[in-house]
There are 4 protein chains.
Amino acid sequence: MAGKNQPKRRADGELSRTRILDAATEIAAERGYEGTSIALVSAKCGLPASSIYWHFKNKDDLIAAVIERSFADWRRAWQLPADGAAQERLQGLAMQIAKALLDSPDFIRLGLMLALERRPVEARARAMFIQVRTQTYVELTSTLAELAAGLTEAQIHQLVTYSMAGADGLFIAKEIGGDAVDLIELFELHARVLYDTAMRMLDEQAE
Amino acid sequence: MAGKNQPKRRADGELSRTRILDAATEIAAERGYEGTSIALVSAKCGLPASSIYWHFKNKDDLIAAVIERSFADWRRAWQLPADGAAQERLQGLAMQIAKALLDSPDFIRLGLMLALERRPVEARARAMFIQVRTQTYVELTSTLAELAAGLTEAQIHQLVTYSMAGADGLFIAKEIGGDAVDLIELFELHARVLYDTAMRMLDEQAE
Amino acid sequence: MAGKNQPKRRADGELSRTRILDAATEIAAERGYEGTSIALVSAKCGLPASSIYWHFKNKDDLIAAVIERSFADWRRAWQLPADGAAQERLQGLAMQIAKALLDSPDFIRLGLMLALERRPVEARARAMFIQVRTQTYVELTSTLAELAAGLTEAQIHQLVTYSMAGADGLFIAKEIGGDAVDLIELFELHARVLYDTAMRMLDEQAE
Amino acid sequence: MAGKNQPKRRADGELSRTRILDAATEIAAERGYEGTSIALVSAKCGLPASSIYWHFKNKDDLIAAVIERSFADWRRAWQLPADGAAQERLQGLAMQIAKALLDSPDFIRLGLMLALERRPVEARARAMFIQVRTQTYVELTSTLAELAAGLTEAQIHQLVTYSMAGADGLFIAKEIGGDAVDLIELFELHARVLYDTAMRMLDEQAE
DNA sequence: TATGAATGAGACTTCATTCAT
DNA sequence: AATGAATGAAGTCTCATTCAT
């Protein structure tokens, strides 16, 4: 940052890129990969289609960039709990994630759509989602290892998988159910379930 | 076979319809709504594109029919537990559903893709998914009301929502994780979690 | 007529034919030759497309039949004046034709559309219009020859052509102008103009 | 040629647009709205169909542009009479219009076809014709008001409507009758009729 | 006297992408 | 750092017509 003394062109370039990404994010989160046409993005951001190709190699590259940026936004919206009792830390984390899903649902909605597709070839966009999702998996794994010291690796894998699956499923439930679904309350339940399960696993191990 | 008591069998429209639905189901489950082109379906079922339009009003109508039929297939693959101890019945149900998801994943994969999309207009296919899903919700609600008599309506709503969300999420986890995810084991965990939660709710209520 | 003792099938056949013609007339008068699709006619009359082909060889044949029947209807709505003073007879004829155009505009609207088209090949329908129109030309020619005895053939040809052109043009003016155009009044003017012109021609000839 | 003061000439979009319009005009004047397929236009102008959509939003937009341009051409072919005796001015105008119709019949032929159609929705092309036609109506109205000062507004409206109807009708008569119809002679008659009628109206008013 | 089913051709339109400027 | 123009492929859907029953 700082020192922006280039002839302003650079600044405009950055701005255009951002406008394209904004438009593409909005559309892709609504209509998925195939439903996001370059013409639609062009119309929404006001730049001609050929300009989009100046900033991004192709459509796949564009959607991958969308995933990358919206993951970063989403990831910034919550942080791993630093200290406190295990149960409270878990509850706090769940609340943060629930709120992040409510506030910026683009990342998950688009990501899940990509994850569900099984297109023969296709490529970067889906891979990008899998990659950043793995990053979350790793973070949660180390957090859990700390919160519930003593669990086996297999148990941790199971718990983290179950916790992420629950988050995905609850997000979808909210998408489908709308106001009939209280996401916060359900994430609270989810956190409690995870805590209880972890404790039970430790107990059973102790015997 | 045999014993068909239809007039004569007449040009076998029913058969063609089935062939089209088979092809469309396979493709739609892999590529979603937008990714399912009529040309692709035509190529896979061997009938020309124009014949598809004899059997279905348009693409939306076709995909809605796919959802309808594959839900019926999927629903036929499991049945609500008739009797036995509550915990066993829940475990049994969870196992059946897990297997149904593994055996005929078309319904859920396509349905979830549709559920995630937020296309401005278009509708029938998505509406059909929401509708049959609601049917499942209702069935599970009455099952749970019986299994855990004493729960409030709100609690049952929460539990059923959570159970369906878990199923969706676990399905996705399996899609993404492949062999690294043991769906059966996770569904067992899910059933146990649901049982424990229901019991806890009843306990807390008793106090 | 009478004596309809055939097994009713025949009657149904006639009825179907009529229903098809009714539907086709309505559509063709609105949308012209190309705009009249067999599917549209089928939807409007309730019979399947293949039934239309049982009654008519092809689309061209159908439209030709439409022209033929609607010309007959239209022609039946007015009659050549039998006697009276020339001016009154002309006025009366003009009024009848004006009313016939207002009451059953299908024939003229469709006919003019066909007349204006210059499709390379195409065929029967347009030819049918030209044919029935010629019939009207002949009738008007002999009427005028009687009303204004003494005119040369060339003059009669000119007058009849001008009178039919006026009728066509006024019909179009009404189509475009709607309520701003008083068709009756304009036909009255047209009749007067024709009468005056015929008289003038006779005068000039007399000199 | 030469003297083009546009920046550089850049890929010659203007030329392509013109080529497309030329082709579309020719075809639409022969076959009407529905008969003008994009493929036909593409074949005639040498540009691929998709390029047509770069220059025009859709088919309706293209046909509307055809109407607009061919009206302008047609309108340029005649001018309102500046001075001289009323009768001569009217005759002169009629001759000009007759020749304009013979020389560039595209505008009227296509326009009349559109005017006769009563398609449920769609519109722009037809609306454009109605609009430019109204422009002519206004011009003729003020010319007539000047040529035959003293006529009431209603009379002028009637005369202008009748004069335009006559022109339309005579054009059609020429289309149908071909060489059997002497358009020039008929327009002369038409001019005379209009003059006589205007004079008669003034006379009757004077009484 | 019909009609369900099918079909190849072609309708309009959008697609992702390229390239000269 | 862009963009006007173009393009071949592919999109959904309708067309007129046929044919076995």
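What you see is a predicted model, and the numbers here were worked out from it, not measured in a lab. All chains are named by letter (A, B, ...) in the order of the sequence lines, taking the proteins before the strands, and each is independently numbered beginning at 1.
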field: Which residues share a side chain to side chain donor-acceptor pair (under 3.5 Å) with Asp61(C), sequence neighbours left out
entry: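 Per chain and number, Asp61(C) pairs via side chain to side chain donor-acceptor pair (under 3.5 Å) with Arg124(C).
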
What pairs with [X] under salt bridge (charged side-chain N to carboxylate O under 4.0 Å, His left out), at least two apart in sequence or on another chain?
X	value
Arg109(B)	Glu175(B)
Arg19(A)	none
Arg17(A)	none

Integer-rounded Å distance: [N] [atom2] and [X] [atom1]:
X	N	atom1	atom2	result
Arg31(C)	dC15(F)	CZ	C1'	14 Å
Leu40(D)	dC12(E)	CG	C1'	14 Å
Asp12(B)	dA20(F)	CG	C1'	12 Å
Phe56(A)	dT18(E)	CZ	P	16 Å
Ile20(C)	dT1(E)	CD1	P	13 Å
Glu14(C)	dA2(E)	CD	C1'	15 Å
Lys59(B)	dA10(F)	NZ	C1'	12 Å
Arg19(C)	dT1(E)	CZ	P	15 Å

message: Need one value for Thr36(D): base, sugar-phosphate or nothing, where a base atom within 4.0 Å counts as base even if backbone is also close, heavy atoms only.
response: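 The residue Thr36(D) makes sugar-phosphate contact but no base contact.
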
N/O donor to acceptor pairs below 3.5 angstrom from side-chain atoms of residues 43-54 of chain B, sequence neighbours left out:
{"unit_1": "Lys44(B)", "atom_1": "NZ", "unit_2": "Glu26(B)", "atom_2": "OE2", "d": "3.0"}

message: Taking 4.0 Å as the cut-off, does a side-chain nitrogen or oxygen of Ser37(A) come that near to OP1 or OP2 on dT14(E)?
response: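 No.
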
Below 4.0 Å: OP1/OP2 of dA5(F) and any side-chain N or O of Ser16(D):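 Checking dA5(F) against Ser16(D), no side-chain N or O comes under 4.0 Å of OP1 or OP2.
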
- prompt: Can you name the side-chain contact (heavy atoms from CB on, under 4.5 Å) partners of Glu68(C), sequence neighbours left out?
  reply: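 By the side-chain contact (heavy atoms from CB on, under 4.5 Å) rule, Glu68(C) matches Met128(C).
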
- request: Could you tell me which residues satisfy ring-ring contact (aromatic ring centres under 6.0 Å, His included) with Phe107(A), sequence neighbours excluded, listed by chain and number?
  value: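 Phe107(A) satisfies ring-ring contact (aromatic ring centres under 6.0 Å, His included) with Phe71(A), Trp74(A), Phe129(A) once adjacent residues are dropped.
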
field: Stem list, DNA chain E (Watson-Crick or G-U pairing under 3.5 Å, at least 3 consecutive pairs)
entry: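 Stem list for DNA chain E: E:2-21 with F:2-21.
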
query: Quick one: does NZ or CZ of Arg119(B) land under 6.0 Å from the six-membered ring centre of Tyr33(B), within 45 degrees of the ring axis?
result: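 Yes - Arg119(B) lies over the ring of Tyr33(B), closer than 6.0 Å to its centre and within 45° of its axis.
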
- request: Could you check which residues of residues 44-55 of chain B get a heavy atom under 4.0 Å from DNA chain E? Sort them by number, please.
  value: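 Leu47(B), Pro48(B), Ser50(B), Ser51(B), Trp54(B), His55(B) - these, ordered by number, are the residues of the stretch whose heavy atoms sit under 4.0 Å from the strand.
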
